[in-house]
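Step one of this worksheet: look at the structure below.
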Amino acid sequence: MIVIDNEYVDLQTPTGIMRTHIVRPSAPGRFPGILMYSEIFQMTAPIHRTAVQLASNGYVVAVPEIYHEYEPAGTVFAYDQAGSDRGNELKTAKPVAAYDSDARAVLTHLAGRPDCTGRLGVMGICLGGHLAFRAAMNPEVLGAVCFYATDIHKGSLGLGMNDDSIARAGEIKGELLMAWGRQDPHIPTEGRMKVLARLNEVGTKLNWHEVNGAHAFLRDEGVRYDAELARDMFGLALSLFHRTLAVGAQ
């Protein structure tokens, strides 16, 4: 499906204007919506390509700039030490409540778009995986995909590094897919098992996948990219969105 991939909207949030990139099918009609969260680097070329892949399968995809309070609109951090340092610095400078209100703003925008069916999902990568996990606590989210979501097991997201994501996991009512790399040093085995135990405890509609890959195996840039794993796990993400968002949608 041909997509339009050069649009954006500037959404009002309680903490300021948030540029949100829109990638959508060019065909007329209404499509399910997906809030897609980037890594700490914001709207990089690999994140853009991932959004295009989602949209080309029949979804309106909205990618917010997660650090809009701290950086000018359009800022993208490089995949280098300086970019990593800045992204990680801001990750724990921004209050968790601001991440949550950002999610609310994007979901509201998607639901109100004339080209959206109102059936909503979320997806995120790295830090974005954690943000997607939290966004899935919104009751209208029918499906959520989290790729190697960082810091859930440590409860260290946001200002004060004391988030309540694990405690609130029972609020996730849609179907959830979590994909992890077993060779990812950021989320060790004990951390993954802590998350799994909690999701089982609260009865989440859960798909759990661990692969033999490194952190950032999905990113099609850099030495940790694994094309086969990326293809397989992205295919599972599409299957989840198809059955939770697209089937029966008009």
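In what follows, every heavy atom counts, from backbone to side chain, and hydrogens, waters and symmetry copies are set aside.
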Give the intermediate values and the outcome of side chain to side chain contact (heavy atoms under 4.5 Å, CB included) for residues Leu199 and Leu176.
CA-CA 10 Å; Leu199 293 174; Leu176 176 64; 3.9 Å; yes
Could you check whether any side-chain N or O of Ser26 sits under 3.5 Å from a backbone N or O of Ile4, counting only pairs where one atom can act as donor and the other as acceptor?
no
Sorted by chain and residue number, the salt bridge (charged side-chain N to carboxylate O under 4.0 Å, His left out) partners of Arg168 (sequence neighbours excluded) come out as Asp100, Glu171
Point to revise | 4.5 Å side-chain heavy-atom contact, Glu140 and Leu107 | key: yes
Taking every heavy atom of Gly121 against every heavy atom of Val141, the minimum-distance pair comes out as CA-CG1, 4.3 Å
Run the salt bridge (charged side-chain N to carboxylate O under 4.0 Å, His left out) check on Arg30 and Asp115 step by step: do they pass? CA-CA 4 Å; Arg30 298 167 70 228; Asp115 58 357; over 6 Å; no
So NZ of Lys94 and CG of Leu127: to nearest 0.5 Å the spacing works out to 9.5 Å
In terms of heavy-atom contacts, Ala169 and Phe133 come closest through CB-CZ, 4.0 Å
Pair Arg104-Ser101, side-chain hydrogen bond (donor to acceptor under 3.5 Å, both in side chains): steps then yes or no
CA-CA 5 Å; Arg104 186 70 258 152; Ser101 59; over 6 Å; no
Report the C-alpha distance between Asp151 and Lys91 in whole Å, list the side-chain angles of each, state the deciding distance to 0.1 Å, and finish with yes or no for salt bridge (charged side-chain N to carboxylate O under 4.0 Å, His left out). CA-CA 11 Å; Asp151 302 323; Lys91 180 174 70 171; 2.9 Å; yes
Here the pair of heavy atoms bringing Pro25 nearest to Tyr59 is CD-O, 3.2 Å
So OG1 of Thr204 and CG of Asn200: to nearest 0.5 Å the spacing works out to 7.5 Å
Scan side-chain atoms only and decide if Ser165 and Arg134 contain a donor-acceptor pair under the 3.5 Å cut-off.
yes
Test item: Tyr79 and Glu221 side chains (from C-beta on) under 4.5 Å apart, heavy atoms
yes
Interatomic distance, CD1@Ile47 vs OH@Tyr37, rounded to 0.5 Å, equals 13.0 Å
- Message: Do Glu175 and Leu240 have side chains that approach each other closer than 4.5 Å (heavy atoms only, starting at C-beta)?
- Response: yes
Identify all side-chain donor-acceptor contacts of residues 222-236 below 3.5 Å with residues at least two apart in sequence or on another chain.
{"residue": "Asp226", "atom": "OD1", "partner": "Glu228", "partner atom": "N", "Å": "3.2"}
{"residue": "Asp226", "atom": "OD1", "partner": "Leu229", "partner atom": "N", "Å": "3.0"}

Apply the test side chain to side chain contact (heavy atoms under 4.5 Å, CB included) to residues Asp163 and His130: give CA-CA distance (whole Å), side-chain angles for both, the deciding distance (0.1 Å), then the verdict. CA-CA 11 Å; Asp163 70 71; His130 192 157; 3.4 Å; yes
Does any part of the side chain of Pro64, heavy atoms only, come nearer than 4.5 Å to the side chain of Asp102, both counted from C-beta? no
Are the side chains of Phe77 and Glu39 in contact, using a 4.5 Å heavy-atom criterion? no
**Report entry** Single-linkage hydrophobic cluster Phe41~Leu90, side-chain heavy atoms < 4.5 angstrom
**Finding:** yes
| message | When you compare the side chain of Lys205 with that of Leu177, does any pair of heavy atoms fall below 4.5 Å? | response | no
task = Report whether Val9 and Ile66 are members of the same hydrophobic cluster (ILVMFWY, side-chain heavy atoms less than 4.5 Å apart, transitive linking).
result = yes
message: Is it the case that the side chain of His68 and the backbone of Ile17 share a donor-acceptor pair, with hydrogens and angles ignored and the cut-off at 3.5 Å?
response: yes
In short, Ala103 meets Ala135 closest at the heavy-atom pair CB-CB, 4.0 Å
Inset, instruction - Kindly indicate, with the supporting measurements, whether the criterion side-chain hydrogen bond (donor to acceptor under 3.5 Å, both in side chains) is fulfilled by Glu69 and Thr15. - result: CA-CA 7 Å; Glu69 299 95 339; Thr15 54; 2.7 Å; yes
**Donor-acceptor side-chain pairing of His109 and Arg113 below 3.5 angstrom** = yes
key: Residues Leu245, Leu120; criterion side chain to side chain contact (heavy atoms under 4.5 Å, CB included); working and verdict   = CA-CA 6 Å; Leu245 308 185; Leu120 303 178; 5.6 Å; no
Heavy-atom nearest pair, Leu110 first then Ala62, reads CD2-CB, 4.0 Å
| said: Test of understanding: clusters of I, L, V, M, F, W, Y form through side-chain heavy atoms closer than 4.5 Å, transitively. Do Met161 and Ile166 belong to the same one? | reply: no
**Asked** Are Val23 and Leu54 close enough that some pair of their side-chain heavy atoms sits under 4.5 Å apart?
**Response** no
For the residue pair Glu190 and His153, confirm or rule out a side-chain donor-acceptor distance under 3.5 Å.
no
*Does any non-hydrogen side-chain atom of Glu210 lie less than 4.5 Å from one of Trp208?*
yes
Passes side-chain hydrogen bond (donor to acceptor under 3.5 Å, both in side chains), His215 versus Gln183? Steps please.
-> CA-CA 7 Å; His215 191 75; Gln183 286 73 51; over 6 Å; no
For Ala132 and Val122, the nearest pair of non-hydrogen atoms, with its separation, is O-CG2, 3.4 Å
message = Set out, in order, the CA-CA distance, both residues' side-chain angles and the distance that settles side chain to side chain contact (heavy atoms under 4.5 Å, CB included) for Thr20 and Tyr8, then state yes or no.
response = CA-CA 5 Å; Thr20 301; Tyr8 64 84; over 6 Å; no
* Going by atom types only, do Tyr67 and Thr75 share a side-chain donor-acceptor pair under 3.5 Å? -> no
Please confirm whether Arg192 makes a cation-pi placement over Tyr148, using NZ or CZ under 6.0 Å from the six-membered ring centre and within 45° of the ring normal. no
- [ ] Establish, from distance only, whether the side-chain atoms of Asn57 and His242 form a donor-acceptor pair under 3.5 Å.
- [x] no
The reported gap from OG in Ser38 to CE in Met43 (rounded to nearest 0.5 angstrom) is 8.5 Å
In this structure, CD of Gln53 is separated from NE2 of His48 (nearest 0.5 Å) by 11.5 Å
query: Same hydrophobic cluster for Val202 and Leu206, using side-chain heavy-atom links shorter than 4.5 Å among ILVMFWY?
result: no
dist Ile40:CD1 -> Ile125:CD1 (nearest 0.5 Å) comes out at 13.0 Å
Quick one: does any side-chain atom of Arg198 pair with a main-chain N or O of Ala167 as donor and acceptor, under 3.5 Å? yes
If you group Ile, Leu, Val, Met, Phe, Trp and Tyr by side-chain heavy-atom gaps below 4.5 Å, do Met123 and Met1 land in one group? yes
